[in-house]
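Encoded as structure tokens, the structure appears first; notes follow it.
Atom set for the values below is all heavy atoms of this structure, side chains included, hydrogens, waters and symmetry mates excluded. As the structure is a prediction and not an experimental result, all values here were calculated from the model.
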Amino acid sequence: MAEYHLYLVRHGQTFLNTFHRLQGWIDSGLTELGKKQAIATGAALHNINFNLVVSSDLNRAIQTRDLIVQQLSSATLPIQSDPAFREVFFSAFEGLPADLVFQRIAQRNGFISQDDIIAKKGFAYVRQLMQDDDPTHKAELYPDVITRFRKGLAHITQALPTGGNVLIVSHGAFIRTIADYLGANIVNNFPSNAGVTELAMSLPSNVRMVEYNRSTL
């Protein structure tokens, strides 16, 4: 059975990150610090022999991916973009101040904060409350994010059937969802920009957490 070691990396800091805005499927470019973060992560991963590189199809992930790849020892690597690894879709809340959005959702439902909801009811409940509060009711639910993740993993096994080391550049809420699903403690623990989460996989249905949210800068 093929074995995969997955290095799941959040994109570097973006312009909207500096204002703590919800940034799901909308996009903004990397800041100078974000570029430095991506380069530092690439340097930290320099000696790993990657067999495949995949990123979300959003520009901030692609920018981060390309900066990381420039630091790697492998001369040429197959590189793909896959919308399966996009950020969580926040619908009508896209671009709004994250703290205010989650404070309002929490307080309207008898909680103090997003992390209070997570601690008491779980991360999936946060996604459900956001969709309930969304005027369009299109904000993405937790099970839908997991389904996308499994789809992305299936794409990886098709592209690399013999297994190997895979770099995946994705997004904060997406990675936090996967980490929660795989049993990591995510309360007051959001993926850092360009931070590394390591997973091991034999099949898309058999994935385990190795390490969550290791910072490289």
Say whether [X] and [Y], considering side chains only, have a donor N or O and an acceptor N or O under 3.5 Å apart.
X	Y	result
D82	H155	yes
Q128	D132	yes
R65	S81	yes
S91	T136	yes

Would a 4.5 Å heavy-atom cut-off, applied to side chains only, mark [X] and [Y] as touching?
X	Y	result
F85	H171	no
I105	V101	yes
F90	W25	no
I39	Q70	no
S192	N213	yes

Pair F50 and Y7, ring centroids less than 6.0 Å apart: yes

Hey, what do you get for [atom1] ([X]) to [atom2] ([Y]), rounding to the nearest 0.5 Å?
X	Y	atom1	atom2	value
Q114	Q103	CD	CD	12.5 Å
D180	I118	CG	CD1	7.5 Å
N47	S73	CG	OG	6.0 Å
I26	E87	CD1	CD	10.5 Å
M201	N206	CE	CG	9.5 Å
Y142	T147	OH	OG1	11.5 Å

Heavy-atom closest contact (S55 atom, A61 atom, distance): CB-O, 4.1 Å

Can you check whether [Y]'s main-chain N or O pairs, donor with acceptor, with [X]'s side chain at less than 3.5 Å?
X	Y	answer
Y212	G183	no
E211	E198	no
Y4	L199	no
R176	I186	yes
E94	L22	no
T31	T14	no
R10	P191	yes
Q131	A139	yes
N165	N49	yes
S215	G195	no

Criterion side chain to side chain contact (heavy atoms under 4.5 Å, CB included) against V166, the qualifying member of L160, N51, V53, T157: L160

Verdict with reasoning, R86 to F174, per side chain to side chain contact (heavy atoms under 4.5 Å, CB included): CA-CA 7 Å; R86 273 189 177 195; F174 182 91; over 6 Å; no

Cluster overlap [X] with [Y], hydrophobic side-chain contacts below 4.5 Å:
X	Y	result
L16	L33	no
L167	I156	no
I146	V88	yes
F19	F102	no
V169	L77	yes

Stepwise side chain to side chain contact (heavy atoms under 4.5 Å, CB included) test for S28 and Q23: CA-CA 8 Å; S28 65; Q23 187 178 212; 2.6 Å; yes

Short N-O contact, E140 and R148, less than 4.0 angstrom: yes

N-O pairing of K138 and D134 below 4.0 Å: no

Stepwise side chain to side chain contact (heavy atoms under 4.5 Å, CB included) test for Q71 and T41: CA-CA 9 Å; Q71 317 307 313; T41 295; over 6 Å; no

Salt bridge (charged side-chain N to carboxylate O under 4.0 Å, His left out) between D144 and R127, worked out: CA-CA 10 Å; D144 298 326; R127 299 270 75 83; over 6 Å; no

Within 6.0 angstrom of Y181 OH, more than 12 heavy atoms from elsewhere: no

Chi angles and distances behind the side chain to side chain contact (heavy atoms under 4.5 Å, CB included) call for I79, L52: CA-CA 6 Å; I79 298 174; L52 176 66; over 6 Å; no

